[in-house]
Novice: 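Let me begin by handing over the structure; questions about it come next.
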Amino acid sequence: MDVTPIIDSLNDAQRQAVTSDNQHLLILAGAGSGKTRVLVHRMAWLIDVQQQSPQSILAVTFTNKAAREMRNRIENMLGIPTRSMWVGTFHGLAHRLLNHHWAEAGLQQNFQILDSDDQQRLVKRVIKDIGLDENRWPGRQAQWFINGQKDEGIRAKYVEDSDDPFIKTHRKIYLAYEEVCKANSLVDFGELLLRAHELLRDDENLLKHYQERFTNIMVDEFQDTNTIQYAWLRLLTGKSGSMMVVGDDDQSIYGWRGAKIENIQDFTATYPKAETIRLEQNYRSTGTILQAANAVISRNTGRLGKKLWTAEEGGDLISLYSAFNEVDEARFIADFVKRRFEQGNNYSESAVLYRSNAQSRVLEDAMLRANIPYRIYGGHRFYERLEIKNALGYLRLCLNRNDDQSFERVVNTPTRGIGNRTLEDVRTLAREQGISLWQSSVKLIEENLMSGRATNALNAFVELVTDLEASIKDKDLSEMAEQAINSAGLLEFHRAEKGEKGEARVENLLELVGACKSYEADDPDMDTLPQFLAQATLEAGDKQAEEHEDALQMMTFHSAKGLEFPLVVMSGMEENLFPHSMSAEEPGRLEEERRLAYVGITRAEKKLVMTYAECRRIYGEERTNAVSRFVRDVPGELVEEVRATVKRPAAPGTVRATGGSSRKFSTSDKGVDTGFELGQRVAHAKFGEGVILTFEGQGANARVQVNFNSAGAKWLVVSYARLEAI
DNA sequence: CAAACCGGGAAGGCA
DNA sequence: TCCCGGTTTG
């Protein structure tokens, strides 16, 4: 066997990881150290060199994107189809398992997956049904509680009863919620994992079967696993299996949603014979950036320890801009990005990161004003959109009449005169008789238990769904979708909506048909509708389109994980914002914030910019925050302050006296004051009168942007322009 | 049924 | 301050 292609391109640590014959491996993979590469090459090693079956591998990731990438790279490298391999997300694999063994898992064959939206609706209904005050017990909070318990692998009955009314009540809600889910075979995201774990734990034969099959278990982003996920992995690994976990404790940023950094920290305690390999060579960033990253993260305690290095020493200094306020900050970022663009870089090579979504608005404004195309990450994904969920709701109902979730969703969408009164009747009867909403409706109609008007309206709905089901029989997926959006009147409904919103929704509905078409093409001969529906819930769909458009990337620090950009701007680097004030109390949280900063820094390849505002409006209040400790942790010699002493008035356009808040800027290193201020009116020999907009640079190179009344905005070098204050 | 109105809440977001 | 969800009102 020629092993050259598998190990030749690897560095020593990577090669060691790929070829180790230790039973258990902990790969501490620093940012940009090629961890996916190691995972894929390891698979190639196992299959091609060790002659292990591809079937013996179970590789698990967190996001569909990561899973997809892994699949692609395996196929490219090994030239084998990955269909038969178990490569996927925790949830995807759990779903696969439950699909195969639905009966053993105590589910109906057509069990439904609830996304968090569905879950919240259901939780709210449960709270109402058991007679709790909805205002005192918000659904969101209860949902949070339930999911938190499930992450820990705790069923409702095992939640420790307590005198604390919070726990007492939420335990009650959890119990009731569990019951409804069980009765209707509903499975939320947390339940997928919990149920999959219980299935294996309680079914000896099944466990044995899978343990014998999956002798090679590989886990990506191990630092993000929660209790139940790790338990599931250990169960599958058993005594004889092999587990390779790849992760970076320094990039654990999801503790707040149940991830346990202890899993990676204590891995070698659980598996004492495990070999630990550190991937510390970074292929992404400049030496300067890595130094900054190392300096920031080194202040955390209890790290497994790792020091990134790169062959590419030096690099641009980190620019730090101290803004007057958040508007000034945004404008500076826009200018900076624009200049990069004018120097020949694509907008898509730059990313602006922020701690919380609320910050994006001001930034967006600035980009719009500067005519910079941008794309915001996050937000509603395709299958989470209202109109799409409605369309799928009709299809779900066709598949399963007793799907109360979908019934509630679409029964009066578009409005067809089935109001709350009528629905209350339907719900009441359903509850009393323990039947589904659909059955209840049919009964109410047949036995004529409601007013004529209500009966007619409800009957129209029942017939609509019945007809729809008949008409989509034996059709292709895309035809089904088309039929559904047409005959349910969804297209018409949204077309009638005024404004761009309606248009966008119509487009989305049409795109749904398109999405179905491509799904058909991928899986020509499967039981497609149920599969497609499950897939839609599990994958929610990436925000597609506009990929090819060159746009500035804007996102939170959290969603930047795993990405990289030549230029990264870390905005809002202020105490109380980042680290967020909410993290101040719990000690562990602060370390997590620090790791988040580390993640942010290590996204940058060539150039890193940090900005902060001395004054910022938050929730309508003006606040003054100190510069973030994470900025101060970066060694001074790595940083150049950009126009650090420059201040400008809050509102550009409306120039007015700025009182004491605006300081003078200097045009020399020695701090000689030129007497100019931002927003100040000046006169130029050639261009006439204008207003100072912006400054840049220091000393003899200092430039100002002046908006001249007649000549427009111009950049001028201060030392040559001979401006006069007016 | 839509528009107007009101009050509470506001970190991060994968499946 | 703004946004969301829920309620009231025309």
Side-chain angles (χ1 to χ4, degrees), chain A residues 60-67 88-96 113-121 124 128 134-136 138-141 143-144 147 150-151 187-194 196 220-221 224-226 228-229 252-259 326 353-362 377-381 383-384 412-420 493 496-498 534-542 555-562 572 576-586 589 592-593 595-597 599-600 616-623:
Chain A
V60 58
T61 64
F62 274 84
T63 64
N64 287 299
K65 194 172 158 214
T89 63
F90 277 101
H91 293 83
L93 297 180
H95 179 241
R96 200 162 168 181
I113 304 172
L114 301 181
D115 67 20
S116 56
D117 227 51
D118 303 328
Q119 188 191 26
Q120 192 174 40
R121 288 160 77 110
K124 278 184 182 158
K128 208 187 225 170
E134 298 151 84
N135 294 320
R136 229 188 119 197
R140 261 186 57 101
Q141 202 175 45
Q143 182 186 27
W144 182 262
N147 289 339
K150 289 194 177 187
D151 283 347
V187 177
D188 60 47
F189 287 136
E191 183 73 24
L192 279 171
L193 304 176
L194 185 49
D220 191 17
E221 305 277 17
D224 289 337
T225 50
N226 63 29
I228 194 71
Q229 286 161 337
S252 162
I253 54 174
Y254 286 113
W256 52 274
R257 64 173 198 212
E326 78 277 6
L353 312 185
Y354 36 83
R355 179 64 180 80
S356 60
N357 284 309
Q359 289 167 248
S360 73
R361 274 185 63 126
V362 180
Y377 273 62
H380 270 199
R381 290 173 307 162
Y383 289 109
E384 286 171 347
N412 201 33
T413 314
T415 47
R416 49 173 72 89
I418 303 175
N420 227 337
F493 177 64
E497 265 181 330
K498 37 189 180 286
Q535 186 94 345
T537 309
L538 280 174
E539 288 217 18
D542 296 313
M555 68 197 82
T556 62
F557 283 97
H558 280 93
S559 36
K561 196 171 86 159
N576 297 320
L577 200 65
F578 191 24
H580 197 277
S581 52
M582 295 280 228
S583 305
E585 306 111 44
E586 292 166 80
R589 289 281 175 253
E592 187 158 303
E593 294 280 311
R595 294 193 289 269
L596 188 57
V599 166
R616 180 184 295 272
R617 272 193 114 83
I618 298 175
Y619 306 144
E621 259 179 293
E622 294 254 315
R623 298 245 182 109

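A note on names: the letters A, B, ... follow the listed sequences, proteins ahead of strands, and every chain is numbered from 1.
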Novice: How far apart are the closest heavy atoms of A:Asp220 and A:Ala66, and which atoms are they?
Specialist: OD2-CB, 4.4 Å

Novice: In whole angstroms, how far is the P atom of B:dG13 from the CG atom of A:Asp188?
Specialist: 21 Å

Novice: A:Tyr254 has an atom OH; how far is it from atom P of B:dG13, in whole Å?
Specialist: 7 Å

Novice: Sequence neighbours left out, what passes ring-ring contact (aromatic ring centres under 6.0 Å, His included) with A:Phe493? Give chain and number order.
Specialist: none

Novice: Mind checking A:Phe62 for me? I need base, sugar-phosphate or nothing, with any heavy atom below 4.0 Å counting as a touch.
Specialist: sugar-phosphate

Novice: Quick one: is A:Arg416 getting a side-chain N or O under 4.0 Å of the B:dC1 phosphate, OP1 or OP2?
Specialist: no

Novice: It should be established whether A:Thr537 places a side-chain nitrogen or oxygen under 4.0 Å from OP1 or OP2 of nucleotide B:dA15.
Specialist: no

Novice: Using the salt bridge (Lys or Arg N to Asp or Glu O under 4.0 Å) criterion, which residues pair with A:Arg257? Sequence neighbours excluded.
Specialist: none

Novice: When you compare B:dG12 with C:dG5, how far apart are their C1' atoms, in angstrom units rounded to a whole number?
Specialist: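 The answer is 22 Å between these two C1' atoms.
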
Novice: Using heavy atoms to find the nearest nucleotide of DNA chain B for A:Phe189 and A:Tyr354 separately, return the residue whose nucleotide is more 5′.
Specialist: A:Tyr354

Novice: Rounded to the nearest Å, what distance is computed from the CG atom of residue A:Leu538 to the P atom of nucleotide B:dG13?
Specialist: 20 Å

Novice: Should A:Thr415 be listed as having a side-chain N or O under 4.0 Å from OP1 or OP2 of B:dC1?
Specialist: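 For B:dC1, OP1 or OP2 has a side-chain N or O of A:Thr415 closer than 4.0 Å.
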
Novice: When you compare the ring of A:His580 with the six-membered ring of B:dA11's base, are the centres less than 5.5 Å apart and the planes under 30° from each other?
Specialist: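 Stacked: ring centres under 5.5 Å, planes under 30°.
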
Novice: Just to confirm, is there a sub-4.0 Å distance from OP1 or OP2 of B:dC14 to any side-chain nitrogen or oxygen of A:Asn226?
Specialist: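 For B:dC14, neither OP1 nor OP2 has a side-chain N or O of A:Asn226 closer than 4.0 Å.
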
Novice: Consider side chain to side chain contact (heavy atoms under 4.5 Å, CB included). Of A:Leu192, A:Thr537, A:Leu194, which one does A:Val187 pass it with?
Specialist: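 Testing each of A:Leu192, A:Thr537, A:Leu194 against A:Val187, the sole residue satisfying side chain to side chain contact (heavy atoms under 4.5 Å, CB included) is A:Leu192.
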
Novice: Look at A:Asn64 and B:dA15 and indicate whether a side-chain polar atom (N or O) is within less than 4.0 Å of OP1 or OP2.
Specialist: yes

Novice: Which is true for A:Glu593 with a 4.0 Å heavy-atom rule: it touches a base, it touches only sugar-phosphate, or it touches nothing?
Specialist: base

Novice: Tell me, please, which residues at least two apart from A:Lys124 pass salt bridge (Lys or Arg N to Asp or Glu O under 4.0 Å).
Specialist: none

Novice: Counting any heavy atom closer than 4.0 Å, what does A:Ser583 reach on the DNA or RNA strands: base, sugar-phosphate only, or nothing?
Specialist: base

Novice: Can you tell me the distance, in whole Å, between the CD atom of A:Glu621 and the C1' atom of B:dA10?
Specialist: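 Taking atom C1' of B:dA10 as the reference, CD of A:Glu621 is at 12 Å.
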
Novice: Just call it for A:Asn147: base, sugar-phosphate, or nothing, with non-hydrogen atoms closer than 4.0 Å on any strand.
Specialist: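 Result for A:Asn147 = nothing.
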
Novice: Kindly point out which of B:dA11, C:dG6, B:dC14 is positioned nearest to the side chain of A:Arg381?
Specialist: B:dC14

Novice: Go through the steps for A:Lys561 and A:Asp224 under the test salt bridge (charged side-chain N to carboxylate O under 4.0 Å, His left out), then give the verdict.
Specialist: CA-CA 12 Å; A:Lys561 196 171 86 159; A:Asp224 289 337; 2.5 Å; yes

Novice: Nearest of B:dG12, C:dT1, B:dA15 to any side-chain atom of A:Tyr619?
Specialist: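 The closest nucleotide is C:dT1.
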
Novice: Would you mind reading off the distance between A:Arg136 atom CZ and B:dG7 atom C1', rounded to a whole angstrom?
Specialist: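 Value for this atom pair: 19 Å.
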
Novice: List in chain and number order the residues that pass ring-ring contact (aromatic ring centres under 6.0 Å, His included) with A:Trp256, two or more places apart in sequence or in another chain; answer none if no residue qualifies.
Specialist: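 Per chain and number, A:Trp256 pairs via ring-ring contact (aromatic ring centres under 6.0 Å, His included) with A:Tyr254, A:His558.
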
Novice: What integer distance in Å separates A:Glu539:CD from B:dG13:P?
Specialist: 19 Å

Novice: Ignoring the backbone of A:Thr556, work out which of B:dA11, B:dG13, C:dT1 is nearest its side chain.
Specialist: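 It is B:dG13.
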
Novice: Does OP1 or OP2 of B:dA15 have a side-chain N or O of A:Thr89 closer than 4.0 Å?
Specialist: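 No, because none of the side-chain N or O atoms of A:Thr89 sits under 4.0 Å from OP1 or OP2 of B:dA15.
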
Novice: Determine, step by step, whether A:Asp188 and A:Lys150 satisfy the side-chain contact (heavy atoms from CB on, under 4.5 Å) criterion, reporting the C-alpha distance in whole Å, the side-chain angles of both residues, the deciding distance to 0.1 Å, and the verdict.
Specialist: CA-CA 10 Å; A:Asp188 60 47; A:Lys150 289 194 177 187; 2.8 Å; yes

Novice: Could you give the CH2-to-P distance, from A:Trp144 to B:dA11, as a whole number of Å?
Specialist: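 Distance, rounded to whole Å: 11 Å.
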
Novice: From CH2 of A:Trp256 over to P of B:dG13, roughly how many Å is that when rounded to an integer?
Specialist: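 To the nearest whole Å, that distance equals 6 Å.
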
Novice: Please produce a list of atom pairs where a protein N or O lies less than 3.5 Å from an N or O of nucleotides 3-6 of chain B.
Specialist:
| from | atom 1 | to | atom 2 | distance (Å) |
| --- | --- | --- | --- | --- |
| B:dA3 | OP1 | A:Lys498 | NZ | 3.0 |

Novice: Mind checking what makes ring-ring contact (aromatic ring centres under 6.0 Å, His included) contact with A:Phe557, not counting sequence neighbours?
Specialist: A:Phe578

Novice: Is A:Arg355 touching bases, backbone alone, or none of the nucleic acid, heavy atoms closer than 4.0 Å?
Specialist: base

Novice: Between A:Asn357 and B:dG12, is there a contact of a side-chain N or O with OP1 or OP2 at under 4.0 Å?
Specialist: yes

